[in-house]
Chemist: 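Below are the structure tokens for one structure; questions will follow.
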Amino acid sequence: MLSLHLYTKIIPGVNSIIPRTSIGQSFLTRHPIQNAIQSPLISSSLIIQQKRTGTAKPKYKTPKEKQVKTLGFKQKKTKKESSRDVEIASTSSSGRGGEEFYKPAPDVILNDMFPEVFTNENVGKIYQIPKEVIPKFKVFKFPMSLSKEFELFHNSSLVVRQSSVELIKLLEEASTLPSTKNRHIISGPLGIGKSALLMQAVNYAMCKPWIVIYIPHAVQYVNSTSPYMKVESTGEFIQPTLTMSLLQQIKLVNEPYLRNINLRRGHQIHRHVIKDKNTSQLLEIGINDPHSAQEVFEIFLEEIGNNQEYPVLLAVDEINAFYTDSKYFDVDDTLLEANRLSLPRTILEYFSGKKDFTYGAVIGALSQTFKPFISKPLEIALGLTEASPWKPVSRTILQYTTGLQNFDVKGYSKDEAKAVIDYYYEMSILPQPKEQLFVKHFLATNGNPRKFYLACWKGL
Amino acid sequence: MPVLLLGVSLPDKKLVRIALTYFYGIGHKTAQKLCSKFSIHDTCKISDLTESQLNAISLELNNMTIESDLRRQVRNNILHHRAIGNYKGKRHAMGYPVRGQRTSTNAKTARKLNGKWLKSFTT
């Protein structure tokens with residue numbers, strides 16, 4: 001089962017969300033025979049070659065290659081899998097290969113970032129993401145810039161800031177209110193910590209029994225990297241493989257809660273008749289049949305929206321990608337807006353308040369790393385920029401921005417920056433003692449978290 | 001395994017919108033138009049296409065003038081100039097620049113390329 005998943009390039013089989021420490025070993029011990037055949041062949045032929053030197057060019061023995069071919073497909077498969085398993089094992093425990101050449105990472109003990117931690121007294125302290133939640137994040141994948149930082153430090157840790165305490169307060173209120181009242185967009189300049197804040201919110205929801213749908217990289221939905229096709233009846237474009245992978249991720253992370261939610265009414269999607277099932281089985285239908293995945297997703301959101309046991313968090317990083325033109329083309333060679341694609345459109349409906357969850361919140365974070373996907377209409381709606389009288393703004397995009405609340409993020413305060421630089425010093429990425437550098441770095445970067453991190457790590 | 005389409009083999013690993021430019025008469029613009037007509041995303045490789053998509057593409061390509069049809073058209077245009085004996089025809093025949101460029105220096109491209117349509121006529 002594990003091998004099938006890995007070979008068809010879907011996310012690695014996280015059948016139960018328990019971190020595995022020695023995947024590579026267990027797999028190799030399961031297939032000892034093939035490995036035993038492989039190694040003596042190669043070593044014996046190498047010895048023979050060494051003895052034969054005297055001719056200018058050593059000749060390679062073809063019989064050896066033929067034998068490898070006959071064992072062939074299966075062996076290659078196991079090679080790929082074992083190397084991938086080793087990779088997964090090594091990336092989960094360490095962050096980079098070639099560990100013999102680097103000093104071991106310093107062991108810093110941090111407290112776990114549980115929901116109780118977000119109080120005003122704890123502002124300026126660093127916590128790590130709890131062990132139980134890390135596999136869930138691995139399914140959804142970290143945002144890009146943060147994943148590099150976590151690999152460097154070998155643990156995923158974030159600092160609790162004043163803005164994160166405020167954001168968590170909003171989430172706490174949201175657990176008893178419908179999601180139309182809790183639609184926030186985290187905004188701010190480049191590198192100010194929007195993705196990190198969203199991660200903290202998602203972490204809060206994952207620790208509590210919320211249902212979490214987290215999209216760390218919304219740009220991949222609109223940058224024309226996944227197949228799409230037109231649906232004649234609605235005139236929209238569905239993305240089967242993308243929807244299928246999203247459903248898989250949701251199912252893996254929220255499995256225990258979804259089993260308890262039963263569907264309120266029967267549905268029919270193409271040739272699937274769905275009656276008396278729970279939402280987890282509904283997702284399975286979508287995963288097995290990519291062409292119905294889009295409708296399954298819409299029905300799924302409706303059903304979890306109706307349930308009153310678990311609040312729902314829909315968190316999308318780089319949400320501005322959904323509020324602009326995508327890189328996809330229509331049949332007549334015109335650029336498609338992102339709301340013409342079905343999957344972004346369903347998510348936008350929850351952001352605009354047209355549909356809602358009974359209890360829950362919808363949070364997005366802007367991102368300025370991808371310049372083609374910066375959204376002028378969204379920034380105008382949030383009040384961040386003025387509308388230019390010379391350039392018209394698309395109305396179809398503006399209709400999805402009604403009622404969004406802006407959540408502005410400022411830079412580090414002095415206490416937060418001090419805590420962060422202490423942490424960098426303990427993790428030994430800071431080259432010199434901290435007292436000399438703190439004021440210099442803080443003033444030069446004006447408290448911008450990313451610039452501060454780069455300044456501490458690589459120097460100004 | 002390369003895919004054979006209308007006499008041109010398209011390598012498997014190439015992106016579809018680049019591989020379509022391998023046809024004589026299709027450049028980047030028309031390749032992009034073809035891809036958008038059949039809803040093929042930017043990063044789709046030839047190996048990802050289904051049979052029905054390939055058939056649809058080859059049907060569409062049959063309706064366009066490419067490859068030998070185009071070459072025949074271009075050759076006929078030049079032979080027409082030669083046949084009526086005008087200035088352009090003479091320049092094509094001599095392998096000199098046709099569009100009024102200088103010949104005392106710099107006529108290399110014309111010397112390289114301008115005679116070839118007529119050479120195949122003579123043989």
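Chain identifiers are assigned alphabetically (A, B, ...) following the order of the sequence lines, protein sequences preceding nucleic acid strands; residue numbering begins at 1 within each chain. Just so you know, these numbers come straight off a predicted model, no measurement behind them.
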Chemist: A:Phe137 vs A:Tyr214 aromatic rings, parallel, tilted or perpendicular, using cut-offs 30° and 60°?
Modeler: perpendicular

Chemist: Side-chain contact, heavy-atom cut-off 4.5 Å: A:Lys391 with A:Lys376?
Modeler: no

Chemist: Measure distances from A:Tyr228 to the heavy atoms of chain B and classify the residue's part below 4.5 Å as side chain, backbone, both or neither.
Modeler: both

Chemist: Between atom CG of B:Leu4 and atom CG of B:Leu10, what is the distance when rounded to the nearest 0.5 Å?
Modeler: 8.0 Å

Chemist: Is the shortest side-chain heavy-atom distance between A:Arg345 and A:Arg340 below 4.5 Å?
Modeler: no

Chemist: Atom CZ of A:Phe373 and atom OG1 of A:Thr324: how far apart are they, to the nearest 0.5 Å?
Modeler: 6.0 Å

Chemist: Flag the pair A:Tyr323 / A:Leu348 as yes when at least one side-chain heavy-atom distance between them is below 4.5 Å, and no otherwise.
Modeler: yes

Chemist: Looking at OG of A:Ser352 and CG of A:Asn339, how far apart are the two atoms once the value is rounded to the nearest 0.5 Å?
Modeler: 10.5 Å

Chemist: Rounded at 0.5 Å granularity, tell me how far CZ in B:Arg82 sits from CD1 in B:Ile78.
Modeler: 11.5 Å

Chemist: Spell out the residues in residues 14-44 of chain B that have some non-hydrogen atom less than 4.5 Å away from a non-hydrogen atom of chain A, in order of number; otherwise answer 'none'.
Modeler: B:Gln32, B:Lys33, B:Ser36, B:Lys37, B:Ser39, B:Ile40, B:His41, B:Asp42, B:Thr43

Chemist: Using heavy atoms and a sub-4.5 Å threshold, report which of residues 218-227 of chain A line up against chain B, by residue number.
Modeler: A:Ser224, A:Thr225, A:Ser226, A:Pro227

Chemist: Determine, for B:Asp48 against B:Lys45, whether the closest basic-nitrogen to carboxylate-oxygen distance falls under 4.0 angstrom.
Modeler: no

Chemist: Regarding A:His217 and A:Asp317, is there a side-chain donor-to-acceptor distance under 3.5 Å anywhere?
Modeler: no

